[in-house]
Amino acid sequence: DVLVRVDGLVRTYGSTRAVRGASFDVQAGEIHALCGHNGAGKSTVVKMLSGQESPDAGTIHLAGRLVDLGSRQAAQRGGVALVDQELSVVPALTVMENLMLGDPQVGWLDRRRTAARRFRPVLDDLGLGHLRLDQPLTDLGIGERQLVEIARALGQQARLVILDEPTATLSDVESAHVYSAVRKVAASGCSVLFVSHRLGEVLELCDTVTVMRDGDVVATTSTADLTVES
Ligand code: ADP
Ligand code: ADP
C-alpha cells in the first residue's frame, strides 16, 4: 500500500534549483530513508511534505488524496508529524506541555490523561522512563530534549512521521533507543521518512532508501538489496 506518493516535485530558490523533479513512494508502515550529500535537496523535500514550503510543480498524494498542505499546522492535521533539525521544544514548559504542544487531536481538558496514556510508552521506549511529566525542560540535557522532541512526533499517532537527521546530536545509546522506538511506530502501521547520511543506520533500520543528488532522485531501492549476506 502506498501511503505517500511524491510525483515530480520542483522547488527553485532564485537561480538555485533545490529540487528538480523528485518522485518516490513511501509504503504504509515502512521506514523509508532519504539520503544524499549536503545540498542534495533533502530538506527542501521535507519542507514540502511537512507544509513549510509549496512546490513550484509536482504533487503529493497522501493515502490516495491530493494534498495541498499549505502550512505545518495543516500538515499536522493531515497526519504528518515532523522532527526537523532545529529543536522546537520550549525550555520554559514542562515535559508534558511540550509533548502536547500543537497536538491537533487532544482537547485541553483531557490533556493530562492523554499525555500519560499516549506518551508514557514512547518515553519509556526512548529511555526517558525516569522523567516526570511535570518536570520543566530546563532540568533536561540537550540529548534528552531532542528525545522529548522525537517522543512528541512518535506519540502523535500520525500517518507519516518525518525525522530529519534525528540522531545527529545523540549518543550511541540514545540513538539505539530512537531506532527501537521508530521500529515500534512503524510496526503499528505508521510510515516513517528518516533523513540521514549515516549509511550504517540506514541499512540497519530502514526498509527502503531514496537517494538524492543535485535535486534529483537517483534511486529508490530496498535496503535488503544493498546488504551483503555474511
Ligand atoms: P542541511 O544540508 O543539513 O539540510 P543546509 O545548511 O542545507 O542544511 O540548510 C539549512 C537551512 O538553511 C534550511 O532550512 C535551508 O532551506 C536553508 N538554506 C540552505 N541554503 C540556503 C541558501 N542558499 N539561502 C537561504 N537559505 C538556505
Ligand atoms: P539538503 O537538505 O540535502 O542538504 P537542501 O534542500 O537544504 O539540501 O538544499 C538544496 C539546495 O537548495 C542547496 O543548494 C541549498 O543551498 C538550496 N536552498 C535550500 N533552501 C534555500 C533557500 N531557502 N534559499 C535559497 N537556497 C536554498
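Counting convention: from 1, in listed order, for ligands and their atoms alike. Side-chain atoms are counted along with the backbone in the values below, which use heavy atoms only and exclude waters and symmetry mates.
When each atom of ligand 2 is checked for a heavy atom of H37 under 4.0 Å away, the hits are 3 (O). Set against the non-hydrogen atoms of A40, the atoms of ligand 2 under 4.0 Å away are 1 (P), 3 (O), 8 (O). Interface atoms of ligand 2 facing S43, defined by a heavy-atom separation under 4.0 Å, are 1 (P), 2 (O), 6 (O), 7 (O). The contact set between ligand 2 and T16, taken as ligand atoms under 4.0 Å from a residue heavy atom, comprises 12 (O), 14 (O), 17 (C). Near N38, meaning under 4.0 Å from one of its heavy atoms, ligand 2 places the atoms 4 (O).
Taking 4.5 Å as the limit, every side-chain heavy atom of L49 sits out of range of all side-chain heavy atoms of V80. Side chains of H32 and T210 form a contact here, defined as non-hydrogen atoms less than 4.5 Å apart. Taking the side chain as every heavy atom from C-beta outward, H197 and V202 never approach each other to under 4.5 Å. In this structure, the side chains of T94 and L99 stay at 4.5 Å or more apart for every pair of heavy atoms.
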Can you give me every donor-acceptor pair (side chain of residues 18-26, partner residue at least two apart or in another chain, under 3.5 Å) with its distance?
{"residue": "R20", "atom": "NE", "partner": "D214", "partner atom": "O", "Å": "2.9"}
{"residue": "S23", "atom": "OG", "partner": "G8", "partner atom": "N", "Å": "2.8"}
{"residue": "D25", "atom": "OD1", "partner": "R5", "partner atom": "NE", "Å": "2.9"}
{"residue": "D25", "atom": "OD2", "partner": "R5", "partner atom": "NE", "Å": "3.4"}
{"residue": "D25", "atom": "OD2", "partner": "R5", "partner atom": "NH2", "Å": "2.7"}

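Some N or O of T44 is nearer than 3.5 Å to an N or O of ligand 2, by distance alone. For ligand 2, the polar-atom distance check finds no N/O of A18 at less than 3.5 Å from any of the ligand's N/O atoms. Any N or O atom pair closer than 3.5 Å counts here, and K42 shares at least one such pair with ligand 2.
Stacking of R11 on the aromatic ring of Y13 is recorded, both the 6.0 Å distance cut-off and the 45° axial limit being met.
Applying the side chain to side chain donor-acceptor pair (under 3.5 Å) rule to pairs touching residues 122-132 yields D125-K184, H130-E144, R132-D134, sequence neighbours excluded.
The closest approach between a heavy atom of G36 and any atom of ligand 2 is not below 4.0 Å.
The residue M212 has no part lying near ligand 2, judged by heavy-atom distances below 4.0 Å.
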